[in-house]
Enquirer: 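Below you will find the structure I want to go over with you.
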Amino acid sequence: MKPRDLSDLAFRNLREAILRNTLTTLGVAVGVASLVAMLSLGVGLQELASKRLSQSGLFDTIFVTPKNNFRGMGRPQREVQSDKPPRTLDEDARQAIEKLPNVIEVYPQVRFFTEVRFNNKPFATVVAGMPESSRNSGSFDGMQGNFFSSPTANEAILQIEFAKDLSDKPASLIGQDLVLRYAERQALPANDDSSSPSGEPSGGFSVVPKELRLKIVGIVETEPAAGYGGYGNARLLMPLSTASTLRAAQVNDLRDIVRDNSANKTTYPSLSVRAKSPSHVETLEASIKSMGFAAFSLLDASKSLRTFFSVFDLLLGIFGSLALAVATLGIVNTLVMAILERRREIGVLKALGAADSDVQQLFFVEAGVMGLFGGFLGVLFGWLLGRAITFGTNVYLKRQNLNPIELSSVPWWLVIAAIAFAILVSLAAGLYPASRAAKLNPVDALRYE
Amino acid sequence: MPNAETAIQLDHVSRQYTMGGATIQAVNDVSLAVARNEFLALLGSSGSGKSTLLNLIAGLDRPTSGSITAQGLNLAELTSIELARYRCNTIGMIFQSFNLLPRMTLEENIELPLRLAEVDREERPGRVREALERVRLTHRLGHRPTELSGGEQQRVAIARALVNRPKILLADEPTGNLDSATGEAILSLLHEVQRQMGMTIVMVTHERPLAERYADRLTIMGDGKLLSASESAREAAR
Ligand SMILES: Nc1ncnc2c1ncn2[C@@H]1O[C@H](COP(=O)(O)OP(=O)(O)OP(=O)(O)O)[C@@H](O)[C@H]1O
Ligand SMILES: [Mg+2]
């Protein structure tokens, strides 16, 4: 029989036992829906987690320090021994690293503990300089207000908790000014024949109190600064360039005293390297190490996270498939019933010239059609289910004064895979009934009235 | 010996069934030749093997031994797919209980063999109409079988059997469920169709008078065997 006739007959057979076949199809749909809902939750959670993580900058950032760093001083030293000669982490090095492929930006860390005055009240906090590249990194998505108007603006973005400390109505802070009180390093008056015409003095420094007026331009909920400079919660963010010019005293400054720093160029205690994506981190880290620096990233953590999510998805998939397995039995049952019912019809078909393969294909197509419709409906149901769960979660989050999240995600591959899987499973379910129908002896089928 | 004039040739055909140790000889060493365009009536008591013989000729069943040749085809040599094609193109079958598919309209029932024979879609409505014209039922195209009388249903079944223009028509008690007047009308129709289209008919029947009137020849079966090899209908009538 031609495919068109085959599908015509299959559709009319399905229509004749409309209630039973609809119920069977709904069974498939429910199975597919549970699979889709489970997987969409898995995918959604994974996307959510990896988005948060990439926003934090933790997984696409490499921390670079000079090799002969102080042991046990902040940075874990993963490679103690190396044949490469240690290099100074100066401006030349910074530019060299920046020229490596897949590097977005290389910047020093500026992070200091200081006092902020607002409404004449003092608040202690950690200030961090944010590089310009953080603007588009997604870290500031969903913030209130705006990002810094320019890389050198005297502006501040507050972390929400800090903003709450400053005012009961955090949103009202935007546009207001606050005063940063910080300690500026000043080179000690060296010998008259100054050996350091420019850059950092090597002889030591004194600390002078200074003030800077900053305009609050935005408030962020998350802590985007985590990856931009390592540890400690920075609650006041300002443009990196502005922060650098302050020459505020940092913990690291001690090193400059101890180190014999005879070069003319600016040296950095550490640099952060932003890679284009976490996938580039590994090779970049290796190249930086081969340049003679110590490098450190959180890549391993992200790897195990990915492993976790594949196992998580697999488990969700298995649970989702259980319902589909039950639905498969439904298809087998429905078609076997149909054979009993349509015994005589099968006999007549064969008497009229239907080959065994025609009968087999007919049942096969019927199973496939139920799978197709079940698949479509199931994806729809599953999507709705995912939406419902997301909606419910967001209602809850809203009550907790938290930002809404996209909990479930139904990507295209999941839609196509689910429908294909439903058809495949249905065809497998049709295998036995179809071959049984094909083997039916027409003489027996026709004998009794 | 089969020759050009022979439509169906059976040589020592047997069909036995084994049921729990017992062997039933449904058809036992039957040799029979049916000429082209002959109308053969097959009579015999119940259980004598008439239907079994008909199914063997139809290729719905295979003999345990012996050979069957129909329209020059040795059925034993055909694969099951070729046998299906043979049923589709060479054989038309009608039954006592009509065997129309109740869920399909008359038109769809008659179209079924055309679908199986993979006849072009455009050609089908004309073929269906032609078949219905032969049985004079053109006005009931869209009806369902259950809406028709028994005689009408059998006419639809005949139309369905004819739609692929078969060379051989096999009828298993076509008048068994009909009153005698309607039965006679059906046989007269078969007779008329046979003359118009030119085909061989083998008909199983219990109604000897009807068979004598319309068939060219009567053959009587008993206990799986042919009792009278060739009894001309006219001789029998005397
Ligand atoms: N599938 C089968 N299994 C076992 N025995 C069978 C089978 N089919 C037919 N028989 C036996 O073969 C014999 C012939 O049956 P068949 O149906 O050919 O008789 P018949 O002449 O058509 O009878 P009737 O006039 O009642 O239709 C019967 O005894 C029947 O019981
Ligand atoms: Mg019979």
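Only this structure's heavy atoms are used, side chains among them; waters, hydrogens and symmetry mates stay out. Not measured: the values here are computed from a predicted model. First the proteins, then the strands, lettered A, B, ... as listed; each starts at 1.
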Enquirer: Using a cut-off of under 4.5 Å for heavy-atom pairs, which of B:S51, B:G92, B:C88, B:A117 has the most such pairs with chain A?
Expert: B:C88
Enquirer: Under the side chain to side chain contact (heavy atoms under 4.5 Å, CB included) rule, collect the residues that match up with B:L83, sequence neighbours excluded.
Expert: B:R62, B:L75, B:L78, B:Y86, B:R87
Enquirer: Please identify, among A:R342, A:R12, A:R15, the residue contributing the most non-hydrogen atom pairs under 4.5 Å to chain B.
Expert: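 Most pairs with chain B among the choices: A:R12.
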Enquirer: Taking atom CG of B:L116 and atom CG of A:L9, what is their separation to the nearest 0.5 Å?
Expert: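 Answer for the CG-CG pair, B:L116 versus A:L9, is 8.0 Å.
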Enquirer: Name the region of A:R4, side chain, backbone, both or neither, that has any atom closer than 4.5 Å to a heavy atom of chain B.
Expert: both
Enquirer: By a 4.5 Å heavy-atom criterion (distance strictly below it), what part of A:L6 contacts chain B: side chain, backbone, both, or neither?
Expert: neither
Enquirer: So for atom CD1, which belongs to B:I81, do other residues, nucleotides or ligands contribute more than 12 heavy atoms lying within a distance under 6.0 Å?
Expert: no
Enquirer: Surrounding CZ of A:F391 (heavy atoms of other residues, nucleotides or ligands, distance under 6.0 Å), is the total greater than 12?
Expert: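 Result for CZ/A:F391: open.
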Enquirer: Go through the atoms of B:N99 and report whether side chain, backbone, both or neither lie under 4.5 Å from a heavy atom of chain A.
Expert: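 Looking at B:N99, backbone and side chain both touch chain A.
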Enquirer: Identify the heavy atoms of B:A84 and A:A355 that sit nearest to each other, and give their distance.
Expert: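 Taking B:A84 first and A:A355 second, the nearest heavy atoms are CB-CA, 3.5 Å.
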Enquirer: Counting only heavy atoms not in A:F308, do more than 12 sit closer than 6.0 Å to its CZ atom?
Expert: yes
Enquirer: Determine, stepwise, if the pair A:D5 / B:R121 fulfils side chain to side chain contact (heavy atoms under 4.5 Å, CB included).
Expert: CA-CA 9 Å; A:D5 290 305; B:R121 278 180 171 260; 3.1 Å; yes
Enquirer: Please indicate whether B:D223 has more than 12 foreign heavy atoms, meaning atoms of other residues, nucleotides or ligands, lying under 6.0 Å from its CG.
Expert: no
Enquirer: In the structure I gave you, are the side-chain heavy atoms of B:D120 and A:K2 within less than 4.5 Å of one another anywhere?
Expert: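 In short, these two side chains touch, coming nearer than 4.5 Å.
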Enquirer: Using non-hydrogen atoms and a limit below 4.5 Å, what part of residues 367-384 of chain A faces chain B?
Expert: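 None at all.
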Enquirer: Is it the case that over 12 heavy atoms from other parts of the model lie below 6.0 angstrom from the CH2 atom of A:W412?
Expert: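 No - once you tally the heavy atoms of other residues, nucleotides and ligands closer than 6.0 Å, there are 12 at most.
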Enquirer: When only heavy atoms count and the cut-off is under 4.5 Å, which of residues 101-113 of chain B reach chain A?
Expert: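 So the qualifying residues are B:L101, B:R103, B:M104, B:E108, B:L112, B:P113.
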Enquirer: Which residues in residues 159-172 of chain B have a heavy atom less than 4.5 Å from any heavy atom of chain A?
Expert: B:R160
